[in-house]
Amino acid sequence: MLKDIKSFDLEELKKEIRVLGEKEFRATQLYEWMHKKLAVSYEEMTNLPGAFRERLDQEYSYASLHIVREQISKQDGTRKYLFQLADGNLIETVLMKYHHGNSVCISSQVGCRMGCRFCASTLDGLERSLTASEMLEQIYEITRHIGERISNVVVMGMGEPLDNYDNLLKFLRMISDENGLNISQRNLTVSTCGLVQGMRRLADEKLQITLALSLHAVTDEKRREIMPVANSYSIADLMDACAYYFEQTGRRITFEYSLIGGVNDSKEEADALAGLARPLHAHVNLIPVNPVKERKYRSSGRASVENFKNRLEKRKINVTIRREMGRDIDGACGQLRRRELNE
Ligand code: SAH
């Protein structure tokens, strides 16, 4: 198999280029073409010698994604892209337009093996992890497509990012590299279902990114009912890992809490959630569960979502309700890909 040229960071690319017998500054030029100017092929790289470009073309693969479908929400302009990878696999990426800029939600794997009961991405298990270049290209292709800069990235699409640790880390460093799109680390968020070793490892990298923990329950028993990963890690272990992340990075954790009607939306649970969030100064993001056809869960009503939020606020917790963007376009993770596969 050919080496994937777009997954090399600048240092690695310099080594590759040296082995090819080219001058080091060619690596910087090449890196800029791929990661700053977002060239779609070597042909565009007109300041590189023709013979060099030909050699690159023969010896390396050049990752690109193909847009299979684009759905634009009539409600809020959210766009959902279905991309095809070079091997034919399909992934989903979402673009949300906010007043403060363009935010993209990327996938980190094809499918997922975490098995959360309310989630569509995991229904067929894990197909494979994405390479760094495939994560980058989701952002690059949307940037080319809309002709505007992306200012925020959340790794909250299909897959469990910490189950693809090395590629994720490479991606985070490259997307925030000043030789590339240079997106501030403070505008990057990684969401995990709670793989404790990965959370601690990420803390030790001392990046300035936000870590979001998908908590969704306040007792181990309830969490095990909706998230199989809770059989491996207790909430106490998760809270320790969150405290460690905060200590190492100075970055506040976000708790994600998907409200499922009659399952995890009681007053008592709101109070217990406040109790978990307070010592960590964690921000709470409430997500009314997006019903998935194959799953039995229903969303909490508007009123109970508001009540849940108010209860947290009374306890001085910083809380937001995630805008339910793009619900008319299969907004929930994994729904669009599933529909395409079924058809
Ligand atoms: N695997 C990572 C990131 C992907 S999911 C994680 O678990 O955090 C991004 C968020 O959406 C997670 O909080 C996930 O639990 C939540 N989610 C998945 N399906 C959902 C649905 N149908 N309704 C509401 N939230 C959902």
Side-chain angles (χ1 to χ4, degrees), residues 80 91-94 96 103-126 129-130 135 138 153-165 167-168 171-172 188-196 198-199 202 209-217 222-230 232-233 238 241-242 245 253-261 263-265 273 282-300 305 308 320-327 329-339:
K80 186 144 190 174
I91 54 166
E92 299 178 5
T93 310
V94 183
M96 291 154 289
S103 181
V104 168
C105 173
I106 68 160
S107 293
S108 56
Q109 297 181 313
V110 182
C112 184
R113 57 179 178 147
M114 295 298 135
C116 298
R117 303 260 185 265
F118 45 82
C119 179
S121 298
T122 201
L123 287 166
D124 294 320
L126 176 67
S129 283
L130 297 186
M135 288 185 255
Q138 295 172 58
V153 175
V154 297
V155 189
M156 287 192 188
M158 290 191 340
E160 168 50 46
L162 298 184
D163 188 34
N164 182 17
Y165 190 91
N167 292 335
L168 173 80
F171 161 77
L172 294 170
L188 304 178
T189 299
V190 170
S191 176
T192 179
C193 64
L195 302 183
V196 165
M199 291 165 70
L202 192 62
I209 65 166
T210 299
L211 181 62
L213 171 65
S214 296
L215 192 56
H216 305 326
K222 180 69 64 70
R223 199 162 187 266
R224 282 194 292 263
E225 268 173 39
I226 54 178
M227 301 176 75
V229 68
S232 307
Y233 306 104
L238 288 173
C242 287
Y245 190 89
I253 301 283
T254 296
F255 288 164
E256 284 166 280
Y257 198 93
S258 294
L259 286 162
I260 310 173
V263 172
N264 64 358
D265 59 350
L273 180 57
H283 176 101
V284 175
N285 194 209
L286 299 174
I287 318 169
V289 85
N290 205 336
V292 171
K293 187 168 93 243
E294 292 82 352
R295 306 297 207 191
K296 61 181 196 279
Y297 297 115
R298 61 181 175 82
S299 183
S300 310
V305 173
F308 201 92
T320 44
I321 299 178
R322 187 186 301 169
R323 278 164 64 198
E324 299 166 61
M325 299 185 84
R327 195 163 267 206
I329 53 166
D330 295 322
C333 324
Q335 287 187 37
L336 182 58
R337 168 170 175 264
R338 262 194 90 65
R339 212 178 59 191

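Each ligand, and each atom within it, is numbered from 1 in the order the structure gives. Sequence positions, counted from 1, serve as the residue numbers for this chain.
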Is the backbone N or O of [Y] less than 3.5 Å from a side-chain atom of [X], with the two atoms forming a donor-acceptor pair by type?
X: S107; Y: Q109; answer: no
X: E160; Y: C193; answer: yes
X: S300; Y: V305; answer: no
X: R295; Y: A120; answer: no

As an exercise, identify every atom of ligand 1 less than 4.0 angstrom from a heavy atom of [X].
X: V292; result: 22 (N)
X: H216; result: 13 (O), 14 (C), 15 (O)
X: S214; result: 6 (C), 7 (O), 8 (O), 12 (C), 13 (O), 15 (O)
X: T192; result: 6 (C), 7 (O), 8 (O)

Give, for atom CG of L213 and atom CG of L195, the distance between the pair rounded to the nearest 0.5 Å. 10.0 Å

Looking only at distances, please establish whether an N/O atom of ligand 1 is found under 3.5 Å from an N/O atom of F118. yes

Do any N/O atoms on R322 end up under 3.5 angstrom from N/O atoms on ligand 1? no

Between G157, P161, S191, which one has a non-hydrogen atom sitting closest to atom 4 (C) of ligand 1? G157

Which of these, C193, G159, S107, C119, has its nearest heavy atom closest to atom 1 (N) of ligand 1? G159

Checking D163 now: which residues fulfil salt bridge (charged side-chain N to carboxylate O under 4.0 Å, His left out) with it, not counting sequence neighbours? R113

What part of L213 sits under 4.0 Å from ligand 1 if we count only heavy atoms: the side chain, the backbone, both or neither? neither

Extract all donor-acceptor atom pairs below 3.5 Å that involve side chains of residues 253-260 and protein atoms in other chains or at least two apart in sequence.
residue: E256; atom: OE1; partner: S191; partner atom: OG; Å: 2.7
residue: E256; atom: OE2; partner: R322; partner atom: NH2; Å: 2.9
residue: Y257; atom: OH; partner: N264; partner atom: O; Å: 2.7

